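Just below is one structure, and these are the notes that go with it.
To find a chain, count down the sequence lines: A is the first, B the second, and so on, and within it residues start at 1. What you see is a predicted model; the values in this text were computed from it and never measured.
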Amino acid sequence: MKYDHKQIEPKWQKVWEDRGVFHAEENSDKEKFYALIEFPYPSGQGLHVGHPRPYTALDTVARKRRLQGYNVLYPIGWDAFGLPTENYAIKNHIHPEIVTKQNVARFKSQIQSLGISFDWSREINTTDPEYYKWTQWIFLQLFKHGLAYKKEMAVNWCTSCKCVLANEEVVNGTCERCGSEVVRKVKSQWMLKITEYADRLIEDLDLVDYPERVKAQQKNWIGKSTGAEVDFTTTTGDKLTIYTTRPDTLYGATYMVISPEHPMIEKWAGIIENMDEVKDYQAQAARKSDFERTEVAKDKTGVRLVGVEAVNPVNGKNIPIFISDYVLVSYGTGAIMAVPAHDTRDWEFAKKFDLPIIEVVKGGDVEKEAFTDCATGIMVNSGILDGLSVEEAKKKIVEFLTEKGIGHEKVNFKLRDWVFSRQRYWGEPIPIVYCEKCGYVPLDESELPLKLPEVESYEPTDNGESPLANITDWVETTCPHCGGKAHRETDTMPQWAGSSWYFLRYMDPHNDKALASKEAIEYWSPVDWYNGGMEHTTLHLLYSRFWHKFLYDIGVVTTKEPYAKRTSHGMILGEDGGKMSKSRGNVVNPDEVVDEYGADTMRMYEMFIGDFEKAAPWKTSSIKGCRRFIERYWNLQNILIDGDEIRPELESAFHRTIKKVGDDIENLKFNTAIAALMALINDIAAVGSINKKELSIFSILLNPFAPHVTEEMNQQCALGSDIIAAQKWPEYDESKCVEATVEIAVQVNGKIKAKINVPAECDEETALNTAKADESVSKFIDGMSIVKEIYVKGKLINIVVKPMK
RNA sequence: GCUGGUGUGGUGGAAUAGGCAGACACAAGGGACUUAAAAUCCCUCGGACUAAUAAUCCGUACCGGUUCAAGUCCGGUCACCAGCACCA
């Protein structure tokens with residue numbers, strides 16, 4: 001019979017659905033396994049072949065774990081709020097809800113055609129009021145615990161989306177989404193105090209199994225640094241506090257720089273003699289975007305404040321004060337001491353403005369460049385610090401400053417609080433009202449969900465208000481606190497909100513009393529294995545870890561960390577080696593592949609394409625290899641014979657493959673697992689027949705990769721009493737993994753001279769004698785003196801010889 | 001600049017823990033079958049020297065080291081990818 005994927009695949013998808021074999025069990029005694037993929041954003045373009053890579057990978061793991069007897073939760077849902085849908089809605093005058101529905105339907109049918117074993121009974125959607133009710137609920141808890149606050153601040157404003165962006169969403173001064181210019185704009189924004197969790201977000205990385213690069217990225221982003229704050233006095237009698245990570249270099253501070261926005265400048269307006277020049281510089285700096293200001297390799301600029309000087313607290317010397325935009329108001333204290341001898345930026349600035357450079361750490365040539373090495377230098381010209389190493393000096397000076405009351409140790413973070421407001425329609429409304437009398441008042445929890453009102457137009461307004469601001473009926477309300485007139489918050493939440501806790505909802509998706517029941521959370525937490533793209537390893541991971549820690553603190557969840565293990569897949573590139581995109585015209589649609597070759601071939605190829613964690617270019621011609629393999633598998637039924645034990649000639653090959661496929665699936669080595677199955681089928685072909693037992697094992701091993709064809713084979717050939725999804729993963733016997741006789745390499749002085757066959761358990765003496773008896777070995781050792789003999793069981797022999805004297 | 005990673009045939013990629021480099025595929029070439037093509041099956045497939053699938057030598061970015069033995073470990077160099085980047 002011919003292999004017909006079009007007949008086989010829908011048939012089995014229906015069987016699985018009807019029997020509900022992929023539904024996670026409630027109240028189970030089995031060991032649980034929670035596998036999670038990043039839920040997709042249902043865009044208008046539908047899937048491309050990159051999407052199924054992680055889905056198929058974890059599907060393979062999930063299917064294997066089910067066969068091993070685990071109670072597996074492998075859910076999916078839709079991260080459906082967000083700009084592209086809203087923009088599409090605006091352009092085509094369709095409600096975003098309808099657009100979302102259409103896109104979800106398309107995505108769902110595409111994903112289902114691949115036979116991924118998702119538990120569809122737990123499907124969630126962030127735009128569903130029954131879902132976002134709980135997103136809003138979490139926000140209210142954050143608010144009640146003082147972690148959500150409103151602040152007037154300069155925010156990143158996308159000129160095209162007419163919307164505020166988080167720092168994380170600004171890439172090279174442009175909007176991450178649309179690529180338009182981002183400018184700074186002062187607005188009142190909802191903020192979340194993620195900075196309060198900065199330390200724990202670093203420390204608890206020790207509790208989880210993430211790839212090193214992911215942990216490094218998280219730490220990098222949080223940017224913890226330990227240094228000191230030091231008070232400098234000024235000739236006006238004011239105090240100016242600076243932050244430094246090199247307090248040891250204090251004696252080398254020859255000037256001071258404060259940021260153009262530093263409040264002290266206002267105070268000194270009457271004293272500064274060149275105030276016009278200063279004001280000019282401030283105006284220039286304000287005009288620049290953050291991107292321009294922080295652009296590297298740019299010439300240092302600045303203006304000296306004439307009429308005010310600072311005093312170096314350790315040597316009492318007067319030093320000039322400059323303003324320069326290389327000092328950021330938002331980090332540290334907005335003021336630095338400049339040590340040109342030992343800081344590259346200060347050095348450049350000092351050279352340009354011809355300021356003194358005093359060496360305080362010996363080891364470099366500070367006239368040529370700044371000497372920044374902390375490991376080798378010895379302190380000089382530094383009074384009480386002379387002769388110490390940098391590390392010793394740091395300790396001593398901080399002690400000294402603390403004693404004198406003019407400084408102390410200080411930890412700073414690059415991480416800023418999370419700008420949580422968006423002036424858009426298609427997001428969760430923030431459940432807060434503003435009352436003239438009572439200020440910002442949270443809605444009562446019984447009022448949730450606060451649903452999005454119907455509007456005529458989703459266009460953002462030019463003045464930067466959310467489209468919701470125009471719905472007077474909705475905006476005007478009463479204060480939950482005093483009952484007086486009040487108005488609703490019209491900003492909505494960012495897309496990150498719904499995705500910061502979705503994995504909890506899967507545990508108990510239909511609960512209307514809580515975001516999930518205590519029992520469900522206790523049973524399913526943490527996520528055992530979370531796979532996603534590298535593009536989400538800073539933002540989404542950080543935000544969701546933050547929320548989870550907060551929920552832990554208020555007793556909603558039971559684990560400190562949401563995800564026990566995180567892995568990342570590489571991107572699937574176009575055939576041209578570039579990123580798949582509409583504009584490059586290299587997008588491959590999985591529907592066509594499924595139609596022509598079948599879902600099983602598609603799945604196999606996605607897993608066989610290369611190292612799962614690395615990017616790989618799609619190659620249509622290579623798909624054929626996987627299709628050929630499936631057909632070869634299908635044709636095994638033509639050489640099927642009876643038998644209910646693995647025959648001796650295939651025994652070790654089978655046991656080895658069972659071990660390898662199982663191990664490789666757990667280690668993300670899907671490509672080599674498939675290679676092992678291909679090798680096994682080659683062994684079977686060499687034998688010329690396969691018996692029922694062997695075919696049954698082969699089918700179960702292949703099932704996680706190619707579930708449809710294996711089920712069909714299982715049924716057609718009556719291999720098992722039930723469908724494969726209800727069977728057991730085969731066991732292997734370690735002792736049967738090795739063959740009775742093995743071929744080992746024989747080297748003389750490290751060069752291979754021969755290969756000999758010996759019993760696997762052969763002892764050293766026998767092996768060496770066999771080797772020496774071999775003619776192509778003996779001719780190299782006869783007449784030589786043997787210096788050393790090495791025998792690695794089952795692998796090789798190395799005989800080291802030298803000429804006899 | 002900092003952090004993390006990568007570098008292996010024409011291509012995608014294998015190589016557990018220092019132990020036979022190139023598994024498994026793709027592409028290519030040759031052959032069988034066929035009126036023909038597709039499909040399928042068989043053979044070859046890192047390089048040099050070769051009549052040779054005899055022997056020998058070279059070969060995992062580059063230079064050096066450790067070792068009986070190095071793609072793998074150590075030191076240095078180069079290139080590429082990703083993230084961060086005037087964060088004091």
Distance-only donor-acceptor test, A:K414 side-chain atoms vs B:rC84 base atoms, 3.5 Å: no
Is the shortest side-chain N to carboxylate O distance from A:E38 to A:R566 below 4.0 Å? yes
Is NZ or CZ of A:K224 both nearer than 6.0 Å to the six-membered ring centre of A:F413 and within 45° of the ring axis? no
Touch class at under 4.0 angstrom, heavy-atom based, for A:K219 against every strand present: nothing
Decide if the gap between the ring center of A:Y605 and the ring center of A:Y597 is smaller than 6.0 angstrom. no
Side chain of A:F608 only, heavy atoms from C-beta on: which candidate in B:rA25, B:rC20, B:rC26 is closest? B:rA25
Measure from the side-chain heavy atoms of A:S621 and tell me the nearest of B:rA88, B:rC26, B:rA15. B:rC26
Just by distance, do the side chain of A:S324 and the backbone of A:T301 share a donor-acceptor pair under 3.5 Å? yes
Which nucleotide wins on minimum distance to the side chain of A:A616, given the candidates B:rA88, B:rG13, B:rG19? B:rG13
Could you check how far NZ of A:K351 sits from C1' of B:rC86, rounded to whole Å? 19 Å
Give the rounded distance in Å between these two atoms: NZ of A:K660 and P of B:rA23. 14 Å
On a whole-Å scale, what distance lies between the C1' atoms belonging to B:rA17 and B:rA88? 45 Å
Between C1' on B:rA23 and NZ on A:K795, what's the gap in Å once rounded to a whole number? 14 Å
Opposite nucleotide pairing with B:rG10, Watson-Crick or G-U, both atom distances under 3.5 Å: B:rC26
When we call it a touch if two heavy atoms are under 4.0 Å apart, what does A:E743 touch: a base, just sugar-phosphate, or nothing? base
Would you indicate whether the side-chain heavy atoms of A:D231 and A:P313 approach each other to under 4.5 Å? no
Which of the following nucleotides, B:rA88, B:rC26, B:rG19, is nearest to the side chain of A:T244? B:rA88
Side-chain donor-acceptor pair present, A:S330, A:R416, cut-off under 3.5 Å: yes
With C1' as the reference atom in both, quote the distance from B:rC33 to B:rC26 in angstrom, rounded to an integer. 24 Å
Please give the distance between the P atoms of B:rU60 and B:rU72 as a whole number of Å. 9 Å
Work out how far the C1' atom of B:rG9 is from that of B:rG4, and round it to whole angstrom. 29 Å
Over all strands shown, is A:D346 touching base, sugar-phosphate only, or nothing at heavy-atom distances under 4.0 angstrom? nothing
Among the nucleotides B:rC57, B:rU40, B:rA23, whichever has the atom closest to the side chain of A:T672 is B:rA23
Using the P atom on both, measure B:rG83 against B:rU77 and round to a whole Å. 25 Å
Whole-Å C1' distance, B:rG22 and B:rA14: 7 Å
Among B:rG19, B:rG4, B:rA27, the one nearest A:R213 by side-chain distance: B:rG4
Using a heavy-atom cut-off of 4.0 Å across all strands, would you classify A:I752 as base, sugar-phosphate, or nothing? sugar-phosphate
Go through the N and O atoms of the side chain of A:N220 and the base of B:rC84, and report whether any donor-acceptor pair is under 3.5 Å. no
Just the rounded figure in Å: distance from P of B:rG83 to CZ of A:R566. 15 Å
If you pin A:M678 and A:V800 to their nearest nucleotides in RNA chain B, which one's is more 5'? A:M678
NA contact type, A:K793, heavy-atom cut-off 4.0 Å: base, sugar-phosphate, or nothing? nothing
What is the nucleic acid contact for A:I609, judged by heavy atoms within less than 4.0 Å: base, sugar-phosphate only, or nothing? sugar-phosphate
Give A:A615 one of three labels, base, sugar-phosphate or nothing, depending on what nucleic acid heavy atoms sit under 4.0 Å from its own. sugar-phosphate
Could you check whether A:S225 gets within reach of a base, just the sugar-phosphate, or nothing at all, counting any heavy atom under 4.0 Å? sugar-phosphate
Against the side chain of A:N671, the closest entry in B:rG13, B:rC68, B:rA27 is B:rG13
Are A:N682 and B:rA25 close enough that a side-chain N or O sits under 4.0 Å from OP1 or OP2? yes
Nearest listed nucleotide, side chain of A:Q217, among B:rU56, B:rA25, B:rA82: B:rA82
Ignoring backbone atoms, test whether A:Y326 places a side-chain nitrogen or oxygen under 4.0 Å from the OP1 or OP2 oxygen of B:rA88. no
Just the rounded figure in Å: distance from P of B:rG1 to NE2 of A:H342. 21 Å
Syn or anti for B:rG9? Use the chi torsion, O4'-C1'-N9-C4 for purines and O4'-C1'-N1-C2 for pyrimidines, with syn inside 90° of 0. syn
With the threshold set at 4.0 Å, does a side-chain nitrogen-carboxylate oxygen contact exist between A:K2 and A:D4? no
Closest approach to the side chain of A:S622, judged atom by atom: which nucleotide of B:rC24, B:rC26, B:rA14 is it? B:rC26
Could you check whether A:E348 pairs with A:K300 (Lys NZ or Arg NE/NH1/NH2 to Asp/Glu carboxylate O, under 4.0 Å)? yes
Please give, in whole Å, the distance from B:rA88 P to A:I336 CD1? 11 Å
Atom P, compared across B:rU11 and B:rC20: separation rounded to whole Å: 24 Å
Once you apply a heavy-atom cut-off of 4.0 Å, does A:E789 come out as touching a base, just sugar-phosphate, or nothing? nothing
Under 4.0 angstrom, heavy atoms only, what part of the nucleic acid is A:F780 near: base, sugar-phosphate, or nothing? sugar-phosphate
May I ask which nucleotide in the shown strands pairs with B:rC41, Watson-Crick or G-U wobble, both distances under 3.5 Å? B:rG31
Taking atom C1' in both B:rU8 and B:rG59, what distance in whole Å separates the two? 10 Å
Quick one: label A:M534 by what it contacts on the DNA or RNA (base, sugar-phosphate, nothing), any heavy atom closer than 4.0 Å. nothing
A:K772 bridged to A:E789 by N-O distance under 4.0 Å: yes
Check this one for me: any side-chain N or O of A:K788 less than 4.0 Å away from OP1 or OP2 of B:rC68? yes
Which nucleotide wins on minimum distance to the side chain of A:N798, given the candidates B:rC20, B:rU11, B:rA69? B:rA69
Separation of A:I756 atom CD1 from B:rG19 atom P, in whole Å? 19 Å
Residue whose closest nucleotide on RNA chain B lies nearer the 5' end, A:K659 versus A:G610: A:G610
Give the rounded distance in Å between these two atoms: NZ of A:K579 and P of B:rA82. 10 Å
